[in-house]
Amino acid sequence: MLPEIKGLNEECGIFGVFGHQDAAQLTYYGLHSLQHRGQEGTGIVVSDGKTLKGVKGEGLVAEIFTADAMKELTGSAAIGHVRYATAGGGGYENVQPLLFHSQKGSLALAHNGNLVNANYLKYQLEAQGSIFQTSSDTEVLAHLIRRSGFPQLKDQVKNSLSMLKGAYAYLIMTETELMVALDPHGLRPLSLGCLGDAYVVASETCAFDVVGAEYIRDIMPGELVIINENGITSERFAISTTKAICTMEYIYFSRPDSNIQGINVHTARKNMGKQLAVEAPIEADVVTGVPDSSISAAIGYAEATGIPYEMGLIKNKYVGRTFIQPSQTLREQGVKMKLSAVRGVVEGKRVVMVDDSIVRGTTSRRIVNLLKEAGATEVHVVISSPPIKNPCFYGIDTSTKEELIASDKNVEQIREAIGADSLTFISVDGMMKALGQEGTNGYCLGCFTGNYPTEIYPDTLQYYYQK
Ligand code: SF4
């Protein structure tokens, strides 16, 4: 799988409904609002209380769920998924939800995150006779559940979840139940809401707003929520939990109108911009943000410094996602097609360009060039994340260690490589301050600091260091 031009790729998004006659339609709208989390494939599985039926395909939500496809999806419970392939690659068979039928009944799974011991478990399961339908890590859970010796499904699920390591927000649906599980570190966001008497679950709260659902609370690390005709119950499947939510969700991945653990993403980004104004006070004429995810931070920087915010860069929203780029040249051409500098805004000006991250450096170099070609006299780059020095093992495609420009270059070397007049990354402490935190407890900072909240299995390490 070749990387998308932005360098940092989204993970996946999940959405579920229980107890609503329009479950599939609500899921469609929910997935639509989570489309930024994955554009490679999408699916919905619906339950009418007796059977599970699914529609899935490679493409965008609006492309896969045609009017005819939606007519098939009748029932009062549904789960859906938008996919960016982080483990196991792309392909139709890896598009979720995965649907399994057995003598004991049917089971559908939707997963956001990445398991770090999936291969280890797969070896064990295959040795015991399991045959995997997909190359995705998600399927491991279905095999563990079906092989579990416990009589009750709830205990089979709890026992199986306790064997998984890494990041997982799971929706598990049978004919009569919806189960919602979050890993013991709560690495990925997952929220619970309601719509009348129905329950709704989503990776981001922006999906609740779209379907008119009310936010109830975030799912807790190590929690298994079970929703069925008797109502909702909550259990723990992990004895010890240490919260470590992904900080990149705030910096880049989530939508600005989502709230994660009570913190609005736009506000967090704006605070990061304000913090950067303290850490990198620059004499300049205009501030501009790289659309879309850096605009909030750019507004914060402009507000704090008094330098006017301008639309110095415009994104062509109709280019589509250039997620398969066969060469460096074409990747750079992709950037050119996607972004334009506004000459009337930047010509003859000293520009502060705010971006959320630098991964390989290629994109930043192109954008600095665009601004200079459009007549900017100086381009000062400020970045609302600390340098990304390490890969992510939890479902964010940050590239391999050797591809990360900050893994072996210092700030001055990166500045030189991207052709900027100055370069500042937010500090880890500054980023935490922007999130309203004193220390780093409760957050994953693995890609910045190299301190990961879970152990990393050797084959996973090898994949990210040598692929
Ligand atoms: S390593 Fe980085 S991208 Fe991955 S979960 Fe942790 S903070 Fe997020």
Side-chain angles (χ1 to χ4, degrees), residues 3-4 6-14 36-38 84-87 111-118 137 164-170 182-190 203-204 218-219 221 241-255 258 260-261 263 265 268-269 272 293-294 355-360 383-407 425-432 434-435 437 439-457 460-461 463-465 467:
E4 192 252 2
K6 186 70 175 74
L8 270 182
N9 286 314
E10 296 86 347
E11 1 139 33
C12 298
I14 54 177
H36 59 286
R37 299 181 73 88
Y84 171 77
T86 46
H111 171 210
N112 175 27
N114 199 38
L115 305 179
V116 294
N117 64 340
D137 57 337
L164 306 181
K165 299 260 188 312
Y168 53 91
Y170 262 112
L182 188 62
D183 71 73
H185 298 284
L187 276 151
R188 297 279 147 247
L190 188 61
S203 292
E204 288 186 40
D218 289 342
I219 304 295
T241 59
T242 321
K243 195 153 82 176
I245 183 126
C246 169
T247 37
M248 268 296 177
E249 290 283 352
Y250 293 97
I251 295 165
Y252 172 63
F253 297 117
S254 293
R255 250 175 56 163
S258 289
I260 308 170
Q261 298 186 346
I263 302 172
V265 172
R269 288 180 190 164
M272 288 169 196
S293 49
S294 308
D355 203 355
D356 49 61
S357 53
I358 296 182
V359 180
R360 296 155 182 254
I383 303 291
S384 59
S385 66
I388 300 174
K389 298 182 175 187
N390 309 283
C392 172
F393 304 108
Y394 306 122
I396 309 294
D397 190 359
T398 51
S399 304
T400 58
K401 174 106 177 162
E402 64 179 23
E403 290 166 331
L404 295 168
I405 193 168
S407 72
F425 291 89
I426 199 169
S427 63
V428 168
D429 287 349
M431 178 177 70
M432 298 317 295
L435 292 170
Q437 306 296 313
T440 57
N441 281 352
Y443 290 82
C444 177
L445 297 153
C447 51
F448 311 123
T449 62
N451 296 323
Y452 297 96
T454 70
E455 63 179 309
I456 309 296
Y457 280 56
T460 308
L461 269 177
Y463 175 78
Y464 283 93
Y465 278 74
K467 82 173 172 179

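FYI, the numbering just counts along the sequence from 1. We count ligands from 1, going down the list as the structure has it; atoms in each ligand are counted the same way.
- Each of the following atoms of ligand 1 lies closer than 4.0 Å to a heavy atom of Thr247: 7 (S).
- Less than 4.0 angstrom separates some heavy atom of Cys447 from each of these atoms of ligand 1: 1 (S), 2 (Fe), 3 (S), 7 (S).
- Side-chain N or O atoms of Asn112 include none that pairs as donor or acceptor with a backbone N or O of Gly13 at under 3.5 Å.
- Side-chain atoms of Asp356 and Ser294 include a donor-acceptor pair closer than 3.5 Å.
- Using a 4.0 Å cut-off between heavy atoms, Arg188 contacts ligand 1 through its side chain alone, with no backbone atom that close.
- Atoms of ligand 1 found under 4.0 Å from any heavy atom of Cys246 (numbered from 1 in listed order, with element): 3 (S), 5 (S), 7 (S), 8 (Fe).
- In summary, an N, O or S atom of Cys444 is located under 2.8 Å from atom 6 (Fe) of ligand 1.
- Set against the non-hydrogen atoms of Ile396, the atoms of ligand 1 under 4.0 Å away are 3 (S).
- Counted by atom type alone, Thr454 and Tyr394 present one or more donor-acceptor pairs between their side chains at under 3.5 Å.
- For the pair Arg255 and Glu204, the salt-bridge criterion is not met [side-chain N within less than 4.0 Å of a carboxylate O].
- At a threshold of 4.0 Å, the pair Arg37-Glu249 counts as salt-bridged, since one of the basic side-chain nitrogens sits closer than that to a carboxylate oxygen.
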